[in-house]
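Each ligand, and each atom within it, is numbered from 1 in the order the structure gives. Scope of the values below: all heavy atoms of this structure, side chains included, with no hydrogens, waters or symmetry mates.
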Amino acid sequence: MAIAIMCSGGDSAGMNPAIKKFVDYCFDLNLEPYLIYDGLEGLIDGNIDKASYNAVAGVIHHGGTILRSSRSKRFFEYEYRKQAYENLKIYDIDKLIVLGGDGSFRALKQFYDDFNINFVGIPSTIDNDIFGTDYCLGVDTALNVLRNAIDDIRDTASSFKRGFVIETMGRDCGYLALISSLTSGAEICIIPELEYDLDRLKDRLKREISEGRKYILAIVAEGTGATEKIVKWLEDDVGIEARASILGHIQRGGNPTVIDRLNAFEFVTYAIEELLKNKNTNSVVVYKNSKFEFASIDYITSQKYKINPELLKFANKMV
Ligand code: F6P
């Protein structure tokens, strides 16, 4: 029985451990594993290979994805989806595992509706912005990359009397910035989910500076677009020299953490078993309330992800 795995959208750490587990577990179950390279673009172009142990040897500790990924515009068109379907038919593949975000899952749902290609999605994005799951593959590694970077920036901030405005990724979601602010002991956290009051923050910081505070760390989510504004405000209103540090794509890479590796194994095992159990599957494995379960694409795409309000409460002092 042929089954394939692919990545779609932004890469995230944990994809390689998932791909390795996929191949190993398929061989354990006497299935025929296939690897689709270059995401949906590769599916259209027929970049498909039969998997071997060798193809996934020595990849478990690497970030990114050995399968590479893409964001495909062509896949929106029926003609190219048909071409993708013809490519799968060559290998008798009617089961797919897709590591990606909700946009990719929506594309695969269309593919399922067109050609009945069963698939299970594994939420994989550093943004942690998929409704219906508390965790997406790669988030833990991204948070640890951020922890290291912020700890390092603190060394410089504390060597001068400076404010550092550190911009995180996350698209419209403030999850990375919020968790990083909390776990790095930042003074300020600016995220799309919370209103902030610069006058109140200014009063507090000025008081603390007069009491001996030497430096300030502000974590700003890219989705707010407020990085430069906060730098200027620190200099002009709070009265401290300030620098911006935009961390960028380092957050997507890096050696996957133990949590991302183990969760990759769990996600893939659930996905393969679901594809074997159910003849008509188009769902997503989610991690909800410390348990792995399944959710429909309609459910996953029905709402916008919301950060747990209990976590948001912790940021009270930082906004
Ligand atoms: O979705 C992952 C992500 O890294 C976002 O956090 C960021 O906004 C975007 O992708 C960057 O996209 P690109 O790699 O295309 O620049």
K.L.:
Less than 6.0 angstrom from the centroid, inside 45 degrees of the normal: does R81 satisfy that with respect to the ring of Y78?
P.N.:
no
K.L.:
Return the minimal non-hydrogen interatomic distance between L43 and F75, and the atom names on each side.
P.N.:
CD2-CE1, 4.0 Å
K.L.:
Under a 4.0 Å threshold between the charged nitrogen and the carboxylate oxygen, would R171 count as salt-bridged to E222?
P.N.:
no
K.L.:
Does ligand 1 have a heavy atom under 4.0 Å from the side chain of Q251, from its backbone, from both, or from neither?
P.N.:
neither
K.L.:
Considering only non-hydrogen protein atoms, determine which one is nearest to atom 3 (C) of ligand 1 and report residue, atom name and distance to 0.1 Å.
P.N.:
R252 NH1, 3.4 Å
K.L.:
Checking a contact table here: which protein heavy atom is nearest atom 8 (O) of ligand 1, and how many Å away?
P.N.:
E222 OE2, 2.5 Å
K.L.:
List in chain and number order the residues that pass side-chain contact (heavy atoms from CB on, under 4.5 Å) with A244, two or more places apart in sequence or in another chain; answer none if no residue qualifies.
P.N.:
T227, E228, V231
K.L.:
Taking the ring centre of each residue, are F267 and Y287 less than 6.0 Å apart?
P.N.:
no
K.L.:
What protein heavy atom sits nearest atom 9 (C) of ligand 1, and how far off is it?
P.N.:
R171 NH2, 3.6 Å
K.L.:
In terms of residue, atom name and distance, what is the protein heavy atom nearest to atom 2 (C) of ligand 1?
P.N.:
D127 OD2, 3.4 Å
K.L.:
What do you reckon, does I126 have a nitrogen or oxygen under 3.5 Å from a nitrogen or oxygen of ligand 1?
P.N.:
no
K.L.:
Would you mind checking which non-hydrogen protein atom is closest to atom 15 (O) of ligand 1, with the distance to 0.1 Å?
P.N.:
R71 NH1, 2.7 Å
K.L.:
How far is atom 16 (O) of ligand 1 from its nearest protein heavy atom, and which residue and atom name does that atom have?
P.N.:
H249 NE2, 3.2 Å
K.L.:
Would you call D45 and R74 a salt bridge, taking side-chain N to carboxylate O under 4.0 Å as the test?
P.N.:
yes
